[in-house]
Engineer: 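Okay, handing you the structure first.
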Amino acid sequence: MLTLDISKATQFLPQGAVQKYADSAIKAAKALEDGTCAGNDFLGWVKLPTDTTDQFIASVNECAQTLRQLCDTIVMAGIGGSYLGAKAVIEALSNSFQPLTPQILFAGNNIGEDYLYELCELLKTRRFGVINISKSGTTTETALAFRLLKKQCEQQRGKEEARKVIVAITDAHKGAARTTADKEGYTSFVIPDNVGGRFSVLTPVGLLPIACAGFDIAALVQGARDMEQATASTVPFEKNISAIYAVIRNAIYQNGKKIEILANYQPKLHFVAEWWKQLYGESEGKDGKGIFPASVDLTTDLHSMGQWIQDGERTIFETVLSVEQPEHELTVPTDDENLDGLNYLAGKRVDEVNKMAELGTQMAHIDGGVPNLRIVMPRLDAYNLGQLIYFFEKGCGISGLLLDVNPFDQPGVEAYKRNMFKLLGKPGY
Ligand code: PA5
């Protein structure tokens, strides 16, 4: 089971700071379950893991299997919550160097002309399929990429064959993605009305791409189910790790630390941090409040951001995401000449070196005045990622309510769109 160590954070807090929020955190967890809090029309994620049936998982796997058979490349078009969860899980579970078969590519998460051009060029040589993921069904970045991909897929395969390899994941009734899917007769999955984008990784938004990549979505959902139980409002505060995480970060924030840095020691976790930044940034950054979520990949970034973290403005705290057990074993070899002076490491696992880097960094950062939280995943597999996802989601809901914001809206993201539409001459703007 995932664990959370707060002992290196509480030492930075005044006496009683944690206890001050403990009751409110459990009340917030209860309000999320009962649907009595702000944003209660977007609480479908709370019981989603236990509500997800084996039959539903089988239907997602069946669709994935069809795409895997018919395609050598599958492009996921989506942005924000319709992209980051799937990307995070797929990257975390993939071999760092061997492309998956079929290869999974992402589009619709930027408007880079070169990116799209190069993608379209690559796809000319591929038997590709497309998954169009958009809850609103009108997001410009995704719609633009999908227009290009749909056309190219139809040109390469013919309209009839293209229909078999284009899938839509969108609202049940509204939006252009739904209209297109219904008109063209695409296989489609529904994003539940009451699940917001950044909380949607355990809906088909995340499950279908992850299944297309060949990973075990049943294990992912099972991990989330177990964490749903472990963080229920009936679990006392002292054992409820999502409530504890929410309380500690709020207590630290109230004591002047405005930035949380999520640090990982596994390159494969880079996109988990990107997903986490969206989850917490969009949920809490409003009404002139909110911790700024940042991230570093360590030890890589100790050679770039390490100086700032150690010695810069003391407005930060750090949450370390640590994986206990690597999936592979690699030992440092002995070298008779020892020209590099590394024989003191000979015989040690590479992971032991990594763990000592982690411990040494934590000690240094604590000395430098950076409160430290540590989340430990026993392994980097689908089951533990399911736990991690739900742990962060529940922590986010509780944390936002403690901060007294509506964690489930995102009014701020409309501002750039209005300007962009006006500048581009979209009718009605
Ligand atoms: O969390 C959110 O709601 C957003 O990040 C959305 O996921 C993102 O804007 C994409 O929206 P849509 O799925 O409607 O295309």
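As the structure lists them, so they are numbered: ligands from 1, and atoms in each ligand from 1.
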Engineer: Does one side chain, of K135 or T170, offer a donor that lies under 3.5 Å from an acceptor on the other?
Structural biologist: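 The criterion, which ignores hydrogens and geometry beyond distance, is not satisfied for T170 and K135.
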Engineer: Pick, from K135, Q410, E282, the option with the minimum heavy-atom distance to atom 2 (C) of ligand 1.
Structural biologist: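 Closest candidate by heavy-atom distance is E282.
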Engineer: Ignoring hydrogens and geometry beyond distance, is a side-chain donor-acceptor pair present between D34 and T36 at under 3.5 Å?
Structural biologist: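 No pair is found: no donor N or O on one side chain lies under 3.5 Å from an acceptor on the other.
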Engineer: Distance to 0.1 Å, residue and atom name: give those for the protein heavy atom nearest to atom 11 (O) of ligand 1.
Structural biologist: T139 OG1, 3.5 Å
Engineer: Do the rings of F146 and Y186 sit parallel, tilted or perpendicular, given the 30° and 60° boundaries?
Structural biologist: perpendicular
Engineer: Between D297 and N264, is any side-chain donor less than 3.5 angstrom from a side-chain acceptor?
Structural biologist: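 Short answer, yes.
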Engineer: Which of the numbered atoms in ligand 1 are below 4.0 angstrom from a heavy atom of S136?
Structural biologist: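 Matching atoms, with element in brackets: 12 (P), 14 (O), 15 (O).
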Engineer: Do any N/O atoms on R198 end up under 3.5 angstrom from N/O atoms on ligand 1?
Structural biologist: yes
Engineer: Test R374 against every option in E318, E324, E358 by the salt bridge (Lys or Arg N to Asp or Glu O under 4.0 Å) rule and name the one that passes.
Structural biologist: E358
Engineer: Suppose we measure from atom 6 (C) of ligand 1 to each protein heavy atom; which comes out shortest, and what is that distance?
Structural biologist: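 Atom 6 (C) of ligand 1 sits closest to the protein heavy atom G81 N, 3.8 Å.
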Engineer: Any nitrogen or oxygen of T142 lying under 3.5 Å from a nitrogen or oxygen in ligand 1? Just yes or no.
Structural biologist: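 Among all N and O atoms of T142, none is under 3.5 Å from an N or O of ligand 1.
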Engineer: Quick one: do F199 and C396 satisfy side-chain contact (heavy atoms from CB on, under 4.5 Å)? Show the steps, please.
Structural biologist: CA-CA 10 Å; F199 287 86; C396 184; 4.2 Å; yes
Engineer: For ligand 1, which atoms, with element, lie under 4.0 Å from some heavy atom of S82?
Structural biologist: 7 (O), 12 (P), 13 (O)
Engineer: Does the side chain of S136 pick up a donor-acceptor pair with the side chain of D171 at under 3.5 Å?
Structural biologist: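 The criterion, which ignores hydrogens and geometry beyond distance, is not satisfied for D171 and S136.
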Engineer: Which residue owns the protein heavy atom closest to atom 5 (O) of ligand 1, what's the atom, and how far is it?
Structural biologist: Q278 NE2, 2.5 Å
Engineer: Which residue supplies the protein heavy atom nearest to atom 10 (C) of ligand 1, what is that atom called, and how far is it?
Structural biologist: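 Heavy-atom neighbour on the protein nearest atom 10 (C) of ligand 1: I79 O, 3.3 Å.
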